[in-house]
Amino acid sequence: MVNNEGKDNKLEKMRHSAAHVMAEAVQSVFPEARFGIGPAIENGFYYDFELPRSLTPDDLPVIEAKMAEIIAADKPFINEEVSKEEASKLFAAQPYKLELIDEIPDEKVGLYRQGSFVDLCRGPHVSSTGEIKTFKLVSIAGAYWRGSENNPMLQRIYGLLFLSDKEMDDYLELQEELKKRDHRKIGKDLDLFVFSDLVGKGLPLFTEKGSIIRRELEQFVVDEETKRGYKHVYTPDLANIALYKTSGHYPYYKDSMYPVMKVEEEELMLRPMTCPHHFELYSSKPRSYRELPFRIAELAKQFRYEKSGELTGLMRVRSFCLADSHIICQPDQAIDEINSVLDLIEYVASVLGLKAGDNYHYRLSLGDRKDEVKYYHDDAAWDFAEEVLRTVLVQRKASYFEAEKEAAFYGPKIDIQMRNFAGKEDTAFTVQYDFVMPKRFGLTYIDKDQTEKEPIVIHRSSIGAIERTMAFLIEHYAGALPVWLAPVQVMVIPVADRHLEYARKLGVELTGEGVRAKVDDRSERMNLKIRQAQLEKVPFMLVVGDKEEAEGTVSVRLRSGEQLSSQPFERFKDTVQITIASKSKD
RNA sequence: GCCAGCGUAGCUCAGUGGUAGAGCAGCGGUUUCGUAAACCGCCGGUCAAGAGUUCGAGUCUCUUCGCUGGCUCCA
């Protein structure tokens with residue numbers, strides 16, 4: 001551990017130093033450049049610049065060459081401490097640096113100098129530029145100054161940096177490999193979903209195959225939730241705007257909602273969330289404490305306006321289906337309920353073949369007391385709710401990290417985060433503590449003592465948004481989904497046309513038992529059929545010829561390429577049914 | 001939405017100002033074959049859309065649309 005940290009620190013220093021070297025190189029190409037910040041990041045570094053013109057990819061080799069010169073010159077990094085006044089004079093032509101100096105609370109600020117280039121920086125750095133190892137500038141991107149849309153957009157150059165050429169090559173090779181798992185590519189190759197410009201961006205169309213996967217996931221989660229005491233309902237995808245004004249969503253959420261539709265005297269909206277619909281179901285009649293926890297669930301289609309640049313395949317869409325639920329309960333039931341939700345989520349994840357730590361991790365998403373625009377103001381309620389969630393995580397001995405400014409406007413949440421093929425993190429599943437809605441909707445229950453009381457609400461998704469979860473699964477399995485999810489589970493491949501009759505008989509029997517089997521009856525060679533079934537990631541290929549037909553057996557080939565010995569068809573049929581029914585990970 | 005890049009047949013891609021191409025897929029035929037691509041032929045394109053420059057534009061310029069990466073945002 002200690003060794004690794006040492007190595008990471010060295011690498012981090014090197015990456016940070018490379019950012020300075022890049023800044024110097026950029027300054028030599030653009031003397032009028034203004035500098036933002038340039039930190040080390042995972043796998044490399046970046047630096048933000050304001051430049052007289054837009055960079056193009058052709059600029060990168062030029063800057064790289066300059067950097068190589070600076071590294072070859074082996075200039076020492078010299079640290080000094082100066083007063084803020086002095087620093088302000090030094091950076092008089094650098095408005096972004098001045099802004100940073102202004103915000104440093106200390107009297108003195110740190111400078112790092114290599115050759116004639118000086119940067120405001122607290123360090124640390126490697127001792128001289130010559131220590132910087134294998135690097136590569138990879139991309140140019142716009143980035144708002146200090147990450148705010150209201151600020152000017154600077155130009156960011158991203159670089160990779162590793163300790164050796166080999167590590168760089170390994171990294172690049174791994175990226176190439178990972179790219180093959182991209183659900184957008186696999187979705188196209190395996191014909192799972194498509195997009196149409198006419199239908200609109202961010203609005204996926206599921207093909208028959210994609211729909212099979214989706215339906216399996218949906219059936220699984222509805223069955224599982226029903227077993228666990230959830231009441232599954234249907235509510236409409238549209239609602240009167242008044243509903244969202246009542247819920248309080250409207251001011252917080254209107255930027256994510258589509259414009260209203262005027263219909264006769266009503267103003268309707270596509271719903272961005274389901275909670276208010278569920279609350280209306282709850283409050284449609286008086287409720288007793290005996291009915292709590294009241295777990296109302298729905299596979300709910302939701303519509304959110306995502307800026308066009310934010311859309312990504314199935315990961316981020318404008319219309320998605322959330323396995324949503326709202327648990328209305330007494331405050332003292334919250335901890336138990338949240339625990340059961342996490343039990344459910346972990347169960348769902350395990351059935352999907354996902355492991356905590358490896359494939360997902362917990363994030364305790366907190367609010368920001370100061371931000372009253374984004375978060376409902378009630379410090380005591382936030383403190384209480386955050387403590388409840390933290391308690392549950394600690395009780396469960398879950399490993400988690402805390403993140404500021406990630407909460408919902410109505411309360412903190414536990415998010416289950418997953419990474420996509422490119423390493424980008426997204427929320428897969430979520431549990432949210434809500435202390436706002438019950439009041440807004442006047443939700444009540446009659447307690448044992450015959451008085452009316454206010455419940456709390458837990459918002460949660462179990463299997464998440466189906467679209468996003470499918471995207472994660474496709475990437476996790478690189479398209480070779482577990483048998484129960486595979487659109488085609490068995491492909492029967494006759495060796496020659498004379499075996500078609502036998503092949504079809506097997507196909508009919510399997511289909512009759514609920515197995516998704518197909519017979520490849522095209523007038524093609526067996527080899528081609530095997531290749532194509534293999535590329536389609538069909539879990540079982542049954543090759544049948546003279547021998548199998550005579551014996552009533554099948555020759556089973558797995559998509560791994562492994563070939564099982566010939567076995568009686570009946571036995572295969574049983575195995576396949578058990579595999580499917582048990583939702584085996586394969 | 002913003003910054004940058006990209007957009008050629010269903011898919012993967014060639015084509016750098018001078019008559020739009022290949023492989024795969026599809027369709028028609030021949031072949032009936034034992035575990036990852038048989039053979040022959042045919043079809044298929046307003047080169048994303050629109051405007052401009054030019055004798056001539058897939059290629060250069062502008063606008064729009066879409067996609068990709070990043071920023072912002074997020075299930």
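These numbers come from a predicted model, not from an experiment. Throughout, protein chains are lettered first and strands after them, A, B, ... in sequence-line order, and every chain is numbered starting at 1.
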Engineer: Work out how far the P atom of B:C6 is from that of B:A48, and round it to whole angstrom.
Structural biologist: 13 Å
Engineer: Can you measure A:Glu50 atom CD to B:C3 atom P for me and round it to whole angstrom units?
Structural biologist: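 My rounded result for the distance is 14 Å.
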Engineer: May I ask you to verify whether the side chain of A:Gln563 and the base of B:G34 hold a donor-acceptor pair under 3.5 Å?
Structural biologist: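 No pair found.
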Engineer: Does a side-chain heavy-atom distance below 4.5 Å link A:Ile338 with A:Ile327?
Structural biologist: no
Engineer: Between atom CG in A:Leu528 and atom P in B:G34, what is the gap in whole Å?
Structural biologist: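 So the two atoms are 14 Å apart, to the nearest Å.
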Engineer: If I pick the C1' atom on B:C11 and the same atom on B:A51, what distance separates them, to the nearest angstrom?
Structural biologist: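 That atom pair is separated by 31 Å.
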Engineer: Round to a whole Å and report the spacing from CG of A:Asp497 to P of B:U32.
Structural biologist: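 These atoms are roughly 10 Å apart.
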Engineer: Please measure how far the P atom in B:A37 lies from the corresponding atom in B:A25, and state the result in whole Å.
Structural biologist: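 It works out to 13 Å between them.
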Engineer: Which whole number of Å gives the distance between the P atom of B:U53 and that of B:U61?
Structural biologist: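 Result for the P pair: 15 Å, nearest Å.
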Engineer: So what does A:Lys529 touch, heavy atoms closer than 4.0 Å: a base, only the sugar-phosphate, or nothing?
Structural biologist: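 Touches nothing.
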Engineer: Please collect all salt bridge (Lys or Arg N to Asp or Glu O under 4.0 Å) contacts where either partner lies in residues 549-560 of chain A, sequence neighbours excluded, each pair once.
Structural biologist: A:Arg559-A:Asp586
Engineer: Are the side chains of A:Val221 and A:Leu299 in contact, using a 4.5 Å heavy-atom criterion?
Structural biologist: yes
Engineer: Is A:Asp189 touching bases, backbone alone, or none of the nucleic acid, heavy atoms closer than 4.0 Å?
Structural biologist: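 No contact.
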Engineer: May I ask you to test the A:Ile414-A:Thr430 pair for a side-chain heavy-atom distance under 4.5 Å?
Structural biologist: no
Engineer: Under the side chain to side chain donor-acceptor pair (under 3.5 Å) rule, collect the residues that match up with A:Lys254, sequence neighbours excluded.
Structural biologist: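 With neighbours one apart ignored, the set is empty.
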Engineer: Looking at B:C33, I'd like to know if its phosphate oxygens (OP1 or OP2) sit under 4.0 Å from a side-chain N or O belonging to A:Arg525.
Structural biologist: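 Checking A:Arg525 against B:C33: no side-chain N or O falls below 4.0 Å of OP1 or OP2.
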Engineer: Are A:Ser256 and A:Glu306 linked by a side-chain donor-acceptor pair shorter than 3.5 Å?
Structural biologist: no
Engineer: Looking at A:Glu218 and A:Cys321, what are the two nearest heavy atoms and their distance?
Structural biologist: OE2-SG, 4.1 Å
Engineer: Is the phosphate of B:A4, meaning OP1 or OP2, less than 4.0 Å from a side-chain N or O of A:Ser54?
Structural biologist: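 It does, given that an N or O in the side chain of A:Ser54 lies less than 4.0 Å from OP1 or OP2 of B:A4.
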Engineer: How is the base pairing of RNA chain B summarised as a dot-bracket string, given the Watson-Crick and G-U wobble criteria with both distances under 3.5 Å, [ ] for crossing and | for another strand?
Structural biologist: (((((((..((((....[..)))).(((((.......))))).....(((((..]....))))))))))))....
Engineer: Without decimals, in angstroms, what is the distance between A:Ile530 CD1 and B:C33 P?
Structural biologist: 15 Å
Engineer: What's A:Asn527 touching, base or sugar-phosphate or nothing? Going by heavy atoms closer than 4.0 Å.
Structural biologist: sugar-phosphate
Engineer: Take atom C1' in B:G23 and the same atom in B:G17, then report the distance between them in whole Å.
Structural biologist: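 B:G23 and B:G17 have their C1' atoms separated by 28 Å.
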Engineer: Grab the CD-P distance between A:Glu524 and B:U30 for me, whole Å please.
Structural biologist: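 Taking atom P of B:U30 as the reference, CD of A:Glu524 is at 14 Å.
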Engineer: Using a 4.0 Å heavy-atom cut-off, write out nucleotides 65-75 of chain B from 5' to 3' as B (base contacted by protein), S (sugar-phosphate only) or - (no contact).
Structural biologist: -SSSBBBBBBB
Engineer: Could I get the full list of side chain to side chain donor-acceptor pair (under 3.5 Å) partners for A:Lys505, not counting sequence neighbours?
Structural biologist: none
Engineer: Test: side chain to side chain donor-acceptor pair (under 3.5 Å). Region: residues 524-533 of chain A. Which pairs qualify, not counting sequence neighbours?
Structural biologist: A:Arg522-A:Gln532
Engineer: Starting at atom CZ of A:Phe49, determine the distance to atom C1' of B:A4, rounded to an integer number of angstrom.
Structural biologist: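 Computing the A:Phe49:CZ to B:A4:C1' distance gives 15 Å.
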Engineer: Please report the distance, rounded to the nearest Å, between OH in A:Tyr46 and P in B:A4.
Structural biologist: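 Whole-Å distance recorded here is 19 Å.
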Engineer: How is A:Ile493 classified with respect to the nucleic acid when contacts are heavy atoms under 4.0 Å: base, sugar-phosphate, or nothing?
Structural biologist: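 If one applies the 4.0 Å heavy-atom cut-off, A:Ile493 turns out to touch nothing in the nucleic acid.
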Engineer: Kindly indicate, with the supporting measurements, whether the criterion side chain to side chain contact (heavy atoms under 4.5 Å, CB included) is fulfilled by A:Met257 and A:Tyr244.
Structural biologist: CA-CA 10 Å; A:Met257 295 163 86; A:Tyr244 294 102; 3.6 Å; yes
Engineer: Can you tell which of B:A36, B:C11, B:G34 lies closest to the side chain of A:Lys188?
Structural biologist: B:C11
Engineer: Roughly, in whole Å, what's the span from CZ in A:Arg522 to C1' in B:C27?
Structural biologist: 14 Å
Engineer: Taking the six-membered ring of A:Tyr258 (Phe, Tyr or Trp), confirm whether the NZ or CZ of A:Arg304 is under 6.0 Å from its centre and within 45° of its axis.
Structural biologist: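 So A:Arg304 doesn't make the cation-pi contact.
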Engineer: Taking the C1' atom in each of B:C27 and B:G10, what is the distance between them to the nearest angstrom?
Structural biologist: 14 Å
Engineer: Taking for each residue the nucleotide of RNA chain B with the nearest heavy atom, is it A:Lys185 or A:Gln155 whose nucleotide lies nearer the 5' end?
Structural biologist: A:Gln155
Engineer: For the C1' atoms, the ones on B:G66 and on B:G29, what distance do you get once it is rounded to whole angstrom?
Structural biologist: 40 Å
Engineer: If we take the C1' atom in both B:G18 and B:C62, what is their distance in whole Å?
Structural biologist: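 Each nucleotide's C1' atom is 24 Å from the other's.
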